[in-house]
Each structure stands twice: as structure tokens, then as C-alpha cells.
Amino acid sequence: MLPDELTLDPPTDTATATPIAAPALSVVVCSYNGERTLGACLDALDRQNRRESIEVIVVDDGSRDLTRAIATRTGVRLVALDTNGGLSAARNAGLAVATAPLVAFTDDDCVPADDWAANTIAAFDADQRTLAVGGEVDALHHDSLVRRYLAANNPLQPLEIEFARGSGIVNRLRIYIRQQAVQRAERREAYSLVGASMAFRRKTLLDIGGFAPDIRFGGDDEYVCTLIRDRHGIGSLVVDSRVRVAHDFDPRLRDTLRRSYAYGVGNGRQWRWHGGLPSVGPTPLAAGVIAVALAPVGLGASLSGFIAVPVVVYRRWLITAFRRRSGESLVWPVLQFSQE
């Protein structure tokens, strides 16, 4: 929740921004040791075609690099935290000093499209019942095997409304299969938004107490979306595919698996707090069951069954490899299986 002392006495605030009479949108960018990518994010925000209507707030979450210096530029309001408190605490710090009725969040390794802010504002204006708006996330680079895989199987996507039907294994399996092929509407109701591109009516966030500060990374976005959805109904959360950012994925496989683990922990935390069963990917579950079933036959049979499941389930990668005449896609089932 948003601590009382944060609301009443915000952290050190270095106002380098040119005052905006009445900004329509406050954009909060939280950064921890983000000197490599933060500059590109701020450049993209400077290019917004409604730049005069937004205020940009950078929260330096106790960085030990040049993050603070990079954020000290005209048009940016810098909030400097002395110690690293995690993403939720940083987002609460940005929320505390935001002055616009709408507050958007993106990450320091994201590059918003030039119309990102304008489309975010328009998505709220289209329906006054809309309390939260999320967007789509694209891959910024395609220059390595891991980045090309993440472009094809992006983990940073909103949770679709079908999750509201229940947390049972059958419903999860149905969603899992449907997500592989269904074309989504441009504007649609959502179950949860993704932190790399999400915006809220400021009053709505304050009313639920903001983000949970004990969530350092992974699941903070789903936490606030669950509270809003429970209080105001499913239709209060919307995804608009015109609201787009490009994410600068780390090219290292280790980072991809680290993020997947953090998201899994966050997902389990949500089920523990709000009820239901922990989310288990159907592919690893099926692979494990088959491996155990074949164990009496022998170790070779057990391993073969374990490996065969992702190859069969993720057959779209085999089709991709055939169509593109590229053997690289044959590795992608292994990557997706490792993530899940």
C-alpha cells in the first residue's frame, strides 16, 4: 500500500521540468542502475506528439551508476530515493508527486511510440468508466537468438479477460491453447495489465493504496489490477493495442529465465493472497507426468517422453522453422519450455 509518510512527505524531489499548467498525463519511469537504457526512454518521451500535455517523472531507486545524472534534463522531474526499495516502492514515490489526473508507468528499458501518450489519453476519454489502460509491448531489438525468440514469444503481454472465468486447470488450458492463434480486438477488456505500459486514473490508484511495497519485482502490476477489478468490475480495465512501447530485452538467456522465475513467484503470490490454485504451465506439467509414467520402462524412455512434449505442443516453432528455412526456430521450443 501507499505509505502515509510517502503521501504527506515525498522523497527528495529535484524539479528540473518546465512547469505544465495542467498536465493531462503524468508519466512515471522507475530506474535502478538504468544508465544504459534510460536515455533512449526519455528521448522517446520527448518525441511524444502530445509532449506539452504530459509531465515526465523519473524515480531513481537508489542507483549506483549515472542514472540520476541522465535523468537531470529539461522537462523531467527527478525523484531521488536514497536506498533501493524495489519497483513497487519506486512507483509509489512517482505516484505521490504526480499532478495529472492520469498516471502512466513505463520502464527505463522501454521506448514508447511517438503516439503512446496521446493514445493512452484517448483510451480514457473514450469511456469514463475506464479506470486503467494497458498497451502492447514489442521487442526493440532482433539481433540475437534470445531477442528474436522473445519477439516471437513475448512474455510482457496483458492477461486476457478469459482468466476471469476461473483459475481451474481446464480454463487455463483452454486459454493457453487459444492464445496461440486468436486475433485480439484493438480495444478489449483485460484481466490484468503489464507494467511496461499501463496507466490509471490517479484517484483510483490512491483509493486502493497504491502498489504493495513488499513486492520488489514481479506481480506488482497484477496486484493493483486485481484490487481495481474486484472493487470496480472487470470492465474497468482495458487494453488498447494502439498504446505501444518497444522493450529493450536483455540478450542474455540468464536474464530471461530470471524474469520468468520472478513472474512465477509473483503469480503464486497473487493466488495465495486472493485465493485459487498456483498457476502451473500445462506443458511442464504434462512433461513431468509422462516422464514419471515412462520411468519404469527406463531412463532413456523417460527423458525422451519429457523432451517430446514441448516439441509436440510448440509445433508452431517447427512450422516457423520450415517456412523460414531457419534451424534457429528449432531451439525455441526448448527456450519456451525452460521459461514455463
Considering all heavy atoms, the nearest [X]-[Y] contact:
X	Y	answer
T67	S31	CG2-OG, 3.4 Å
F105	W116	O-CZ2, 4.3 Å
S236	I228	OG-CG2, 3.7 Å
Q157	E136	OE1-OE1, 2.8 Å
R77	V97	NH1-O, 3.1 Å
L81	A93	CD2-CB, 4.1 Å

**Prompt:** side chain to side chain contact (heavy atoms under 4.5 Å, CB included) between R91 and V59: does it pass, once the steps are laid out?
**Reply:** CA-CA 8 Å; R91 284 177 171 159; V59 180; over 6 Å; no
Side-chain touch [X]/[Y], heavy atoms, less than 4.5 angstrom:
X	Y	result
V137	V194	yes
L205	F211	yes
R64	N84	no
L140	D248	yes
R202	P101	no
L45	P112	yes
L87	I215	no
F124	T130	yes

Taking atom [atom1] of [X] and atom [atom2] of [Y], what is their separation to the nearest 0.5 Å?
X	Y	atom1	atom2	value
D108	R36	CG	CZ	9.0 Å
L150	D250	CG	CG	9.5 Å
I70	L38	CD1	CG	6.0 Å

**Asked** Are R47 and V111 close enough, and set up right, to give a side chain to side chain contact (heavy atoms under 4.5 Å, CB included), and what steps lead you there?
**Response** CA-CA 11 Å; R47 294 193 301 268; V111 177; 4.1 Å; yes
**Asked** Which residue pairs pass the salt bridge (Lys or Arg N to Asp or Glu O under 4.0 Å) test with at least one member in residues 148-157, sequence neighbours excluded?
**Response** R148-E328
Salt bridge between [X] and [Y], side-chain N to carboxylate O under 4.0 Å?
X	Y	value
R73	D43	yes
D114	R51	no
D115	R242	no

**Item:** Distance-only donor-acceptor check, side chains R244 and N119, under 3.5 Å
**Value:** no
**Item:** Stepwise side chain to side chain contact (heavy atoms under 4.5 Å, CB included) check, L95 with V28
**Value:** CA-CA 7 Å; L95 173 63; V28 177; 5.9 Å; no
**Request:** Could you tell me which residues satisfy ring-ring contact (aromatic ring centres under 6.0 Å, His included) with F249, sequence neighbours excluded, listed by chain and number?
**Result:** H247
**Within 6.0 angstrom of R188 CZ, more than 12 heavy atoms from elsewhere** = yes
**Request:** Go through the steps for L25 and R50 under the test side chain to side chain contact (heavy atoms under 4.5 Å, CB included), then give the verdict.
**Result:** CA-CA 10 Å; L25 179 71; R50 285 198 61 175; over 6 Å; no
